[in-house]
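In what follows, chains carry the letters A, B, and so on, assigned in the order in which the sequence lines appear, proteins first and then strands, with residues in each chain numbered from 1. What you see is a predicted model; the values in this text were computed from it and never measured.
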There are 2 protein chains.
Amino acid sequence: MSGGHPPEGASHAHQETTDPAVLAHDVATRLAAVGQRLTATRRAIVEALAAADRPLSIPEILSSGAGLAQSSVYRNLAVLERAGVVARVITMDEWARFELSEELTGHHHHLVCSKCGAVDDVRIPDDVEADLDRALEILAVRAGFLLQHHRLDLVGVCRACR
Amino acid sequence: MSGGHPPEGASHAHQETTDPAVLAHDVATRLAAVGQRLTATRRAIVEALAAADRPLSIPEILSSGAGLAQSSVYRNLAVLERAGVVARVITMDEWARFELSEELTGHHHHLVCSKCGAVDDVRIPDDVEADLDRALEILAVRAGFLLQHHRLDLVGVCRACR
DNA sequence: ATGAGTGCAAAGGCTTTGCATTAGG
DNA sequence: CCTAATGCAAAGCCTTTGCACTCAT
């Protein structure tokens with residue numbers, strides 16, 4: 001898994017950062033906004049997450065980057081999360097997983113393998129997304145709920161486990 | 001929150017168990033299918049979950065039922081999960097949460113409060129659900145993914161936190 | 001120099017497991 | 001009686017925190 005993401009679905013409104021340099025600048029800006037700097041460790045974490053087209057667990061981040069201390073990764077992920085650079089992905093199956101925030105990468109969803117726990121990214125067509133948002137907003141209002149965003153995961157069996 | 005669920009959305013295909021006696025029988029059957037009995041502890045857990053219209057955390061289950069041992073709750077939740085009676089709800093914010101499986105209660109989604117972490121149930125209209133399923137199936141096939149089901153959470157601020 | 005960031009190690013907190021006891025067939 | 005479930009307590013495991021050291025400004 002993680003090798004085959006769908007053929008670049010639709011393009012989104014706030015376009016994702018693809019260029020490494022642009023990404024770094026964007027990240028630095030967001031960090032500065034909360035009074036933090038882009039350090040070597042933080043850069044390494046961001047690059048690891050950017051390189052993967054799926055959410056990574058702490059162990060994965062630790063092994064990908066060179067010699068990062070576990071505590072530093074945890075601490076910096078917290079900082080990056082506050083800065084809106086990374087987002088914690090809910091999985092609950094094993095470890096916490098992290099990915100670059102949707103403001104940086106664009107809105108997307110996850111393919112979660114119920115056998116091996118692998119998580120991959122997917123984008124759904126804009127029109128489906130729009131219809132869904134419209135319906136959810138109605139429900140939210142009805143429930144006295146101030147809707148911020150939604151999470152949609154596709155649970156099933158990945159190519160590798162079939 | 002948790003007080004106000006939407007006015008009984010649409011009815012679903014495999015209808016949910018509402019009657020306590022029917023529920024107990026259904027649970028017993030499912031347990032028997034995996035070689036397990038419906039014990040007092042298990043009954044207490046199921047009743048606690050059935051009474052709430054939202055996923056409960058272990059502490060909540062412990063306080064609701066009378067004098068249950070923590071380890072028993074954990075162990076029996078695992079058994080009930082294997083039997084397809086309860087499902088673990090992903091939250092990752094604090095504790096694991098559990099609810100009766102959708103085979104028992106019907107397909108639904110969650111309203112997750114980003115401020116207080118409360119989780120409540122919601123059902124979305126059948127037609128929206130159908131459209132969504134259709135779109136997701138296409139994506140899944142395209143990704144070589146065998147789609148089993150989806151998870152959809154509405155994240156926002158609940159009535160109590162606004 | 002001076003405060004932020006880093007690393008190692010120890011502590012925390014939810015969850016799991018071992019083992020003796022008790023309940024059910 | 002004999003297997004299965006329960007409860008208490010201890011162990012596990014991911015995550016967080018304390019503290020001294022290092023780096024950048």
How would you label the contact of A/G67 with the nucleic acid (heavy atoms, under 4.0 Å): base, sugar-phosphate, or nothing?
->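 It contacts sugar-phosphate atoms only.
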Please list residues of residues 71-80 of chain B whose heavy atoms come under 4.0 Å from any atom in DNA chain C, ordered by number; otherwise none.
-> B/S71, B/Y74, B/R75
Report yes if at least one side-chain N or O of [X] is closer than 4.0 Å to OP1 or OP2 of [N]; otherwise report no.
X     : N     : answer
A/T41 : C/dG5 : no
B/Q36 : D/dA5 : yes
B/T39 : D/dA5 : no

Hey, are A/E60 and A/R97 close enough for a salt bridge, meaning a charged N less than 4.0 Å from a carboxylate O?
-> yes
State plainly whether the residues B/R88 and B/E81 are in salt-bridge range, i.e. N to O under 4.0 Å.
->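 Yes.
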Would you check if there is a donor-acceptor pair between the side chains of A/E99 and A/H108 at a distance under 3.5 Å?
-> yes
Any side-chain donor near an acceptor of the partner, B/E129 and B/H109, under 3.5 Å |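 Result is yes, a qualifying pair exists.
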For [X] and [N], give me the distance from atom [atom1] to atom [atom2], rounded to whole Å.
X     : N      : atom1 : atom2 : answer
B/I61 : C/dT15 : CD1   : P     : 10 Å
A/Q70 : D/dC14 : CD    : C1'   : 8 Å
A/R43 : C/dT6  : CZ    : P     : 12 Å
A/R42 : C/dT6  : CZ    : C1'   : 10 Å
B/L62 : C/dG13 : CG    : P     : 17 Å
B/L31 : D/dA4  : CG    : P     : 15 Å
A/W95 : D/dG12 : CH2   : P     : 17 Å
B/L38 : D/dT6  : CG    : P     : 10 Å

Answer yes or no: is there a side-chain heavy-atom contact under 4.5 Å between B/L104 and B/R30?
->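 Side-chain contact under 4.5 Å: yes.
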For B/Q148 and A/S114, run side chain to side chain donor-acceptor pair (under 3.5 Å): C-alpha distance rounded to whole Å, both residues' side-chain angles, the deciding distance at 0.1 Å, then the answer.
-> CA-CA 9 Å; B/Q148 296 173 321; A/S114 56; 2.7 Å; yes
Search all heavy atoms of A/S57 against all heavy atoms of A/W95 and return the closest pair with its distance.
-> CB-CB, 4.1 Å
